[in-house]
Amino acid sequence: FHKRSPYNYLHRITQEINTVKREIKAKTTFIRLPEVIKRTGFGKTWIYELIKAGRFPSQVKTGIRAVAFIESEIDEWIDATIRNSRQNAA
């Protein structure tokens, strides 16, 4: 018979809260074009062509002359591209 200690319960709840905080932060974190280029391996022109075609997450205006991308959208696009590639290959 194994009892759950209050410490273990609080530790697990704290981990879950921290996970949710990280997920919320990831959804709202902006990344700039050089980081998107680094993550995708695509050039600037190709990224903007994909955006124009509706095949890539569009940027968000963050200032008068500044744009950024939402990190979680870029990560999801990368994951979906990998999934689709592997499903089509199978």
Side-chain angles (χ1 to χ4, degrees):
F1 185 100
H2 179 65
K3 288 186 176 182
R4 290 186 187 187
S5 74
Y7 171 78
N8 287 340
Y9 176 75
L10 289 175
H11 181 70
R12 186 172 54 84
I13 295 298
T14 301
Q15 285 180 321
E16 290 176 17
I17 290 170
N18 288 336
T19 298
V20 170
K21 284 180 179 178
R22 280 192 301 275
E23 289 171 359
I24 290 169
K25 183 180 180 203
K27 289 180 183 178
T28 58
T29 301
F30 292 134
I31 57 175
R32 301 298 298 268
L33 182 60
E35 180 64 22
V36 175
I37 290 169
K38 181 178 163 188
R39 290 184 186 200
T40 62
F42 295 157
K44 175 178 150 181
T45 303
W46 184 242
I47 289 171
Y48 284 112
E49 287 291 327
L50 291 173
I51 292 168
K52 185 177 175 182
R55 296 175 42 208
F56 195 83
S58 61
Q59 66 276 34
V60 178
K61 192 165 179 77
T62 59
I64 295 172
R65 293 172 31 123
V67 296
F69 295 83
I70 299 172
E71 183 176 35
S72 61
E73 291 179 359
I74 301 303
D75 290 343
E76 176 54 36
W77 182 89
I78 291 168
D79 291 343
T81 301
I82 292 167
R83 279 193 309 274
N84 291 338
S85 174
R86 291 186 176 160
Q87 287 174 354
N88 293 335

key: Same apolar cluster (I L V M F W Y, side chains within < 4.5 Å links), F42/I37   = yes

ask   = Between S85 (side chain) and T81 (backbone), is there a donor-acceptor pair under 3.5 Å?
value = no

Side chains of residues 43-58: which donor-acceptor pairs under 3.5 Å do they make with residues two or more places apart or in other chains?
none

query = Do V67 and L33 share a hydrophobic cluster, counting only Ile, Leu, Val, Met, Phe, Trp and Tyr and linking them when any side-chain heavy atoms are less than 4.5 Å apart?
reply = yes

query = Backbone N or O of G41 within a donor-acceptor pair of the K38 side chain at under 3.5 Å?
reply = no

key: D79 side, atom CG; I74 side, atom CD1 - distance, nearest 0.5 Å   = 11.5 Å

ask   = Do the non-hydrogen side-chain atoms of I70 and F30 ever get within less than 4.5 Å of each other?
value = yes

inquiry  = What verdict does the side chain to side chain contact (heavy atoms under 4.5 Å, CB included) test give for R39 and I31, after you've listed the backbone C-alpha separation in whole Å, the side-chain angles of each residue and the deciding distance to 0.1 Å?
reply    = CA-CA 11 Å; R39 290 184 186 200; I31 57 175; 4.2 Å; yes

task = Check salt bridge (charged side-chain N to carboxylate O under 4.0 Å, His left out) between R83 and all other residues, then give those that pass, not counting sequence neighbours.
result = E76

